[in-house]
Number of protein chains: 2
Amino acid sequence: MKFDQHIIDKYHLTPKELNLTMQSYVPLQLKSNDYFLQEGQICDRIGFVKKGMLRSFFYDEQGNDITTAFYPEGSLIIAFESFNNRLPAKESIKAIENIELMIIRYERQKELYQLIPAWNHICKDLADVMSREMIERAKSFQVLSAAERYKKFCKDHPDLLQRVNLGYIASYIGVDIATLSRIRAKR
Amino acid sequence: MKFDQHIIDKYHLTPKELNLTMQSYVPLQLKSNDYFLQEGQICDRIGFVKKGMLRSFFYDEQGNDITTAFYPEGSLIIAFESFNNRLPAKESIKAIENIELMIIRYERQKELYQLIPAWNHICKDLADVMSREMIERAKSFQVLSAAERYKKFCKDHPDLLQRVNLGYIASYIGVDIATLSRIRAKR
DNA sequence: AGGCGATTTTGACTTTTGTCAAAATTCGAT
DNA sequence: ATCGAATTTTGACAAAAGTCAAAATCGCCT
């Protein structure tokens, strides 16, 4: 999906507003394994994924690499808490393929809030969606078995299934990789 | 904690604004086991818990009663998605003790948004806090064992520990009640 | 105080999931 | 095409968590 389409469809920006928005976003390319954001940094930009995929992750107590989200084409990338409150990010965001992004800096985004009222809605909606997803996610850990979580993952992200390696999926659904392999083995 | 204190401390309402707010909230009492909100209803009020405790829950596929949150004194109760978007609630909220609440209706709350700018902040902050908590919660399911989740629960909610029955805690941390009992048994 | 229902614990057992290591396979770079 | 590294699968076993049922305990009500 194209960025302008994404926004225009839902928020009916005027041509002028759309123009202003598009001028504010600049392209950025990342190679696979480059960081968009490192844990501890303050997130000072928002990215829209045009091409490729990223993931966010952190290291748990035992030093395991734990994936918390995937950002395929069409995703908006932002470490909300860090961005909004200027706090160090708790997770890193890293390209897992070569990436084409459109990005906007914190300062410029703040200006857009002033210039284009719809941007407040866009961000509010984004926060709502992420919040809903997190509630959903917590619930699925709460009541589903490992096999059921994998099944749900397949349903919710059929596209990711062939693109990201199993280790990332395993940690994302909170299952050991060997266990996940066995879950897949039986049908 | 008193309601006015709660709000005044953080948002510095003017005496006038505080007054307006306090006038908008009316007391409500519930008995243990009464519903504040039933799954499927549209949440059309916000409650502030002055006394007692409530919990939210839903029934999973197998019909098990799954607790998703506790609301002790000082909590604001609101089914966000339902309240904001006028959608049927996905969970019920029920008193587990006799309750004293202060409540405000949807319409009146909308008016407060207009009359008192700080109320936008209050609700935004509340949404942020809940969002952060959910992220935290998902993470703890993702990387912690049942015993570790129980330990964390004890740390995070020492007050609830003696007040709510084990079954609620068990489902809240996603553990079978017999297993939880055994976890507690060893130290 | 006694009794009853609800809650919690315990026992015996099963199933699920994790661990560690090795084998198989896939994939990219040359 | 081939080598080597990374990924995935598999095996053998251990630990964690669930199930079902019974026993013990707790709390209230009269």
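By convention in this document, chain letters (A, B, ...) are assigned in the order of the sequence lines, proteins followed by strands, and residues within each chain are numbered from 1.
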At a cut-off of 3.5 Å, list every protein nitrogen or oxygen paired with a nitrogen or oxygen from nucleotides 22-30 of chain C, distance to 0.1 Å.
none

Looking at residues at least two apart in the chain, or sitting in another chain, which of them share a side chain to side chain donor-acceptor pair (under 3.5 Å) with [X]?
X       : answer
Q142(A) : R137(B)
N165(B) : none
N98(B)  : none
N19(A)  : Q23(A)

Who pairs with Y172(A) by ring pair (Phe, Tyr, Trp, His ring centres under 6.0 Å), at least two apart in sequence or on another chain?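 For Y172(A) the ring pair (Phe, Tyr, Trp, His ring centres under 6.0 Å) partners, ignoring immediate neighbours, are F70(A), F153(A).
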Among residues 162-179 of chain B, which contact DNA chain C at a heavy-atom distance under 4.0 Å?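 Here the set is N165(B), L166(B), G167(B), A178(B).
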Axis deviation across the helix from dA1(C)-dT30(D) to dT30(C)-dA1(D), five-pair ends, to the nearest 10°: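 If I round to tens, the end axes sit 50° apart.
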Where along nucleotides 23-30 of chain D does protein come under 4.0 Å, by heavy atom, of base (B) or sugar-phosphate alone (S), with - for untouched nucleotides? --------
List, by chain and then residue number, the residues other than [X] in its hydrophobic cluster (Ile/Leu/Val/Met/Phe/Trp/Tyr, side-chain heavy atoms under 4.5 Å); write none if there are no others.
X       : answer
Y59(A)  : Y35(A), F57(A)
I135(B) : M134(A), I135(A), M134(B)
L144(B) : F58(A), I66(A), V143(B)

